[in-house]
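Keep in mind that the numbers below use all heavy atoms, side chains included, and drop hydrogens, waters and symmetry copies.
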Amino acid sequence: MKFGGTSMAGTERIRRVANIVRAQAQNSEVGVVVSAMAGETDRLVNFCREANALYDPAEYDVVVSSGEQVTSGLLALTLQSLGCKARSWLGWQMPVKTVEAHSKARISTIDAPEMVASMEAGEIAVCPGFQGISDEGRVSTLGRGGSDTSAVAIAAAVKADRCDIYTDVDGVYTTDPRIVAKARKLKAVTYEEMLELASVGAKVLQTRSVGLAMKEGVRIQVLSSFVGDDAVPADELPGTLIVSDDEMELMVERGEMERQLVTGIAHDKNEAKVTLTRVPDKPGAVAEIFTPLAAASINVDMIIQNVGRDKGETDVTFTVPAADLARAEALLEDKREAIGFNRIIADTQVAKISVVGVGMKSHAGVASTMFSALSERGINILAITTSEIKVSVLIDEDETELAVRVLHTAYGLDAED
C-alpha cells in the first residue's frame, strides 16, 4: 500500500491512513510505503538552497530524504496506538540499493527477506518512499515522484499480490474530470496505455513506476485515501487496476468490462515549440541540432522538417518541455555556427493533446476521427506525432479544454447521464 503526500499531511490524515491499513491487515500481510507530508520536500529543498546554492547532491539527499523518515515513523506509531504490530524499515535497513547520480538514483536491488519474515509474523512494515542507499553507503533519493517507484519495487521484491497506490483521486479516468464532467472512471488499463497516458500528461502515476510494474509484472491499483470509515475495502477493487494485456483480455472475455477503441484523452500544457529557420538542407544538419540537446538530457518530442526550399534550406520545428526551453535555446545559440540556422522562434503558448488506446493497434481511422473533430471546431493542428497506441497533436494552449471535450465526445467516452 502506498500513500502520497496529501494523504500524509498531518496527524489527522495519518490516523485515517492507519485505519485504512489496519482494515487491510485483517486479511493480508501488509507493507506500506509513504511519501513526505505535502509540501515538506519543497521546504527541505529550499533549506538546501539557502544553505548553499551550489549544494553537494549527496548532502542534499540526506536532507530531503528526512521527510519520508518522519512520516514512516509517525505511521508506525499511529498503527501501534490502534493495537497493531508495526515497525518502520528505512531505505538502508532493507536495504534498497541504488545506482547512478544522487537526487535521481535508480533502484538496482532490494534485499527484503528480513522484512518479509516480519510481515509473515503479523507485523505491518512501514517504509519511506523515495530513498535508498548508494554503492558508497550514502543515503540516495530517486527524484520527484520516486515514492511510486519505491512502492512498485518493494512490491516486486516481496512478491506482493498487488500494489495499491492511494492518491487524492479514486482511479484513472477517461480524461481530467475537472475539464469534462462526463469523464468515466476506468475499471482497468493496460501497462502500455498507462505508460502512454502518464508520459503525455496524466498525473495519476509516475512514468518510471509504471515501466517498472510492467517489467516486473506487478499489478497496480489506483484508489483514493480520502474515503469514509464505511468505504468498500480495497480487496473489492473500487479503484482502477493497471494490468498486463493478457489479464485485460481475460477481463473482457469474462464480461467484466468492454474493450474500448480509445481508453483516454490526456493533455499537457508544459510544452514549448521551437523552430529553427533556414537550416541547411544537407546530411548531418539535423544531427547537429539534436545531439547537443540529447547530451544535455533535454527530451525532444514532436519533430517536423519542412520540404527543402530552392536555396537548399529548410525549417525544423520540434517540442521540448517548457522547463527546458531556456537551456535548449542557449545550447542551440552556442551551436549556431555549426548548425547554420538563421534564427530561433520559440512559443510556450501551446499544449499537447493525446488520444491513447490499445484498440488502435487493430482499428484504422482513429487519427482521422481526431483531425475531423478538431477541424469542425476550428482548432488548428501545429504538429503531430504517433505511436502504436497513441496519437498526439500540438495546438494553441487557449484551446486545450475545448479540444479535450470535443475529442472525449467524438470517441464516445462521455458517461451516460
How long is the straight-line distance from [atom2] of [Y] back to [atom1] of [X], given to the nearest 0.5 Å?
{"X": "R178", "Y": "E401", "atom1": "CZ", "atom2": "CD", "value": "10.5 Å"}
{"X": "T149", "Y": "R106", "atom1": "OG1", "atom2": "CZ", "value": "8.5 Å"}
{"X": "W89", "Y": "E114", "atom1": "CH2", "atom2": "CD", "value": "5.0 Å"}
{"X": "E68", "Y": "T41", "atom1": "CD", "atom2": "OG1", "value": "5.0 Å"}

Side chains of [X] and [Y] in contact at under 4.5 Å (non-hydrogen atoms):
{"X": "L241", "Y": "Q221", "value": "yes"}
{"X": "I289", "Y": "F341", "value": "no"}
{"X": "K185", "Y": "T240", "value": "yes"}
{"X": "V316", "Y": "F290", "value": "yes"}
{"X": "T174", "Y": "L186", "value": "yes"}
{"X": "F47", "Y": "V64", "value": "no"}
{"X": "S150", "Y": "V96", "value": "no"}
{"X": "K352", "Y": "T319", "value": "no"}

Counting only heavy atoms from other residues, nucleotides and ligands, does the tally under 6.0 Å from [atom1] of [X] exceed 12?
{"X": "K159", "atom1": "NZ", "result": "no"}
{"X": "R336", "atom1": "CZ", "result": "yes"}
{"X": "D398", "atom1": "CG", "result": "yes"}
{"X": "K104", "atom1": "NZ", "result": "no"}
{"X": "R254", "atom1": "CZ", "result": "yes"}

Should E247 and R219 count as an ion pair when the cut-off is N to O under 4.0 Å?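 A salt bridge is present here (some side-chain N lies under 4.0 Å from a carboxylate O).
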Can a side-chain donor-acceptor contact be found between E192 and T190 if the only test is distance below 3.5 angstrom?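 On atom types as modelled, these side chains do not qualify, holding no pair under 3.5 Å.
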Any chance the side chains of D61 and S140 put a donor and an acceptor closer than 3.5 Å?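 No - no donor-acceptor pair under 3.5 Å links their side chains.
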Begin with the C-alpha distance, continue with both residues' side-chain angles, and end with the deciding distance and a verdict on side-chain contact (heavy atoms from CB on, under 4.5 Å) for M115 and I154. CA-CA 10 Å; M115 192 176 93; I154 292 169; 3.7 Å; yes
Please check: side-chain N/O of S66 versus main-chain N/O of V62, any donor-acceptor pairing under 3.5 Å?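 Such a contact is absent between S66 side chain and V62 backbone.
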